[in-house]
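Values below: every heavy atom of this structure, side chains too, minus hydrogens, waters and symmetry copies. Lettering follows sequence order; numbering is per chain, from 1.
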There are 2 protein chains.
Amino acid sequence: MSIQPKTVREQVTNQLRDDLLSGRFEAGSMLREIELASRFGVSRGPVRDAFIQLSHEGYLAYYANRGVMVRQPPNPEDRKFITSLRVEIETHVVTRGAASVDPGELKLVEVSLDRLKAACDTGKATHIALRDVEFHEAILVACGGEDMLGAWRQLCSRMLLTYTRHDNYAQTYREHFEIFTPLADGDPKATVAAIKANIR
Amino acid sequence: MSIQPKTVREQVTNQLRDDLLSGRFEAGSMLREIELASRFGVSRGPVRDAFIQLSHEGYLAYYANRGVMVRQPPNPEDRKFITSLRVEIETHVVTRGAASVDPGELKLVEVSLDRLKAACDTGKATHIALRDVEFHEAILVACGGEDMLGAWRQLCSRMLLTYTRHDNYAQTYREHFEIFTPLADGDPKATVAAIKANIR
DNA sequence: CATCTGTTAATTGTTAACATCGTACAGCGT
DNA sequence: ACGCTGTACGATGTTAACAATTAACAGATG
């Protein structure tokens with residue numbers, strides 16, 4: 001059931017994003033196309049594409065003719081604000097779309113939840129953070145929020161860089177399970193309430 | 001004083017964005033790398049980069065191995081919501097940073113305002129919409145809101161596609177002038193108030 | 001007649017070579 | 001010693017050729 005990325009660009013982008021999230025690269029350091037290209041065993045092209053993409057997702061800062069730099073996490077004040085915007089977007093989309101979720105889309109949400117559970121069992125904070133985001137993203141897609149996805153991802157990328165909330169993995173899973181249940185029942189109000197309890 | 005883009009990619013991206021905004025391409029139609037590359041007299045590489053970038057800015061939808069499609073403008077309900085988020089971001093950034101604006105940055109805001117005025121004089125709605133956005137962007141940069149820029153741009157790109165508010169060009173300029181004045185005085189509260197009166 | 005399959009043309013994905021830009025640094029002049 | 005300048009190096013920017021994928025279609029097959 002795993003959705004394997006087809007193109008090299010996607011693979012490089014995903015791998016790089018994971019590395020960024022797990023703190024493999026120091027914030028403020030420059031990334032070199034050649035070095036990463038040889039590490040992944042590909043040419044500079046896809047790495048370049050990934051740089052552009054990740055710059056737009058907010059992980060990297062692009063400097064013409066000089067390369068990309070790993071961005072610093074947002075300060076606490078901005079982080080708080082970003083979180084509130086994120087909640088607003090999810091609330092908006094879920095409120096509008098939770099009552100008419102396609103069964104197929106819902107199934108994908110369930111798959112995401114299962115993966116999150118698996119990640120919680122392993123106890124690796126990095127993986128949990130990723131699965132967490134993927135679960136919320138699946139919800140947005142299920143509720144027909146594709147139009148909001150770009151802006152939402154921007155905000156999430158800035159947050160993930162400071163993700164440190166997973167001290168109790170069992171609870172992390174439970175919170176998300178409690179988002180899924182009302183969504184499966186087509187209850188927007190309860191879903192939104194669960195989301196607001198989860199994101200903080 | 002005009003900031004000429006140095007790289008071909010930037011030029012192609014900007015030109016394409018302008019074309020998209022002025023409705024040169026029909027919503028839902030596919031864009032081909034070769035066709036645009038030959039139109040701009042460059043190779044496919046930079047066009048490809050521009051496609052990735054504009055996809056992330058929200059103008060295009062990317063389909064692997066099949067190309068990019070011109071996106072539809074958001075529905076009125078989403079548009080309204082997007083507007084409110086945009087106001088929130090600008091309010092947040094200006095509130096925090098308007099009191100300590102660097103003189104150099106402020107000068108750039110003024111330049112943007114002058115350009116907006118020039119666009120208003122020409123009466124071309126497309127140009128006005130672009131300059132409008134650039135003015136607001138300059139304010140965000142001046143107030144130290146680089147961290148929010150990505151998310152903000154995402155939202156703006158979705159709005160611009162339905163920009164039709166310019167029936168009175170003189171007033172458009174005046175509204176922005178009344179944003180600039182309190183900003184130059186370092187008055188966050190009044191600046192925010194003027195912004196809220198302008199964005200709707 | 002509907003469906004499946006193999007071919008084909010068109011388009012995107014990837015690569016490696018070449019062009020250009022920016023930085024560091026040695027050498028010169030003051 | 002200080003500052004300027006030119007040069008060399010390493011990096012990104014761009015290009016064109018080649019590979020892989022997709023969608024459409026003709027023809028075979030049930």
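The CG atom of Leu36(B) sits 13 Å away from the C1' atom of dT11(C) (whole-angstrom rounding). For the pair Lys6(A) NZ and dT14(C) C1', the interatomic distance rounds to 17 Å; values are reported in whole Å. In this structure, Met69(B) atom CE and dT12(C) atom C1' are separated by 17 Å, rounded to whole Å. Phe40(A) places its CZ atom 16 Å from the C1' atom of dT14(C), with the value rounded to the nearest Å. Residue Arg44(B) contributes atom CZ, which lies 11 Å from atom P of dT11(C) at whole-angstrom precision. Atom C1' of nucleotide dC21(C) and atom CZ of Arg9(B) are separated by 14 Å, given to the nearest angstrom. A straight line from CD of Glu35(B) to P of dA10(C) spans 15 Å, rounded to a whole angstrom.
Of the possible donor and acceptor atoms, one in the side chain of Asn14(A) sits under 3.5 Å from a partner among the backbone N and O of Glu10(A). Here the side chain of Arg158(A) pairs a donor or acceptor atom with the backbone of Gly58(A) at under 3.5 angstrom.
Separation of atoms CZ (Phe180(A)) and CG (Leu113(A)) is listed at 6.5 Å; rounding is to 0.5 Å. In this structure, CD in Glu178(A) is found 10.0 Å from CG in Asn198(A), a value given to the nearest 0.5 Å. Here the straight-line distance linking atom CG of Leu106(B) with atom SG of Cys143(B) works out to 9.0 Å at 0.5 Å rounding.
End-to-end axis angle for the helix from dC1(C)-dG30(D) to dT30(C)-dA1(D), using five pairs per end and rounding to 10°, comes out at 10°.
Ring geometry for Phe81(A) versus His92(B): interplanar angle under 30°, hence parallel rather than tilted (30 to 60°).
Gly45(B) comes within 4.0 angstrom of a nucleotide base, judged by non-hydrogen atoms across all strands. Using a 4.0 Å heavy-atom distance criterion, Tyr62(B) is classed as a sugar-phosphate-only contact. Counting any heavy atom pair closer than 4.0 Å across all strands shown, Arg32(B) reaches sugar-phosphate atoms only and no base atom.
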Name the atoms and distances for all side-chain donor-acceptor pairs under 3.5 Å in residues 27-34 of chain B, with sequence neighbours left out.
{"from": "Ser29(B)", "atom 1": "OG", "to": "Glu26(B)", "atom 2": "O", "distance (Å)": "2.6"}
{"from": "Glu33(B)", "atom 1": "OE1", "to": "Arg44(B)", "atom 2": "NE", "distance (Å)": "2.8"}
{"from": "Glu33(B)", "atom 1": "OE1", "to": "Arg44(B)", "atom 2": "NH2", "distance (Å)": "3.0"}
{"from": "Glu33(B)", "atom 1": "OE2", "to": "Arg48(B)", "atom 2": "NH1", "distance (Å)": "3.1"}

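For DNA chain D, the outermost nucleotides in 5' to 3' order that have an atom under 4.0 Å from a heavy atom of chain A are dA11(D) to dT22(D).
Results of the side chain to side chain donor-acceptor pair (under 3.5 Å) test with Gln15(B) over Thr13(B), Asp18(B), Asp19(B) single out Asp19(B) as the only residue that passes.
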- Please test Glu134(A) against Arg131(A) for salt bridge (Lys or Arg N to Asp or Glu O under 4.0 Å), starting from the C-alpha separation and ending with a verdict. CA-CA 5 Å; Glu134(A) 283 169 12; Arg131(A) 298 311 185 195; 2.8 Å; yes
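Two residues, Val42(A) and Arg66(A), neighbour DNA chain C, and the one matched to the more 5' nucleotide by heavy-atom proximity is Val42(A). If Asn65(A) and Pro46(A) are placed on DNA chain C by their nearest nucleotide, the residue sitting closer to the 5' end is Pro46(A).
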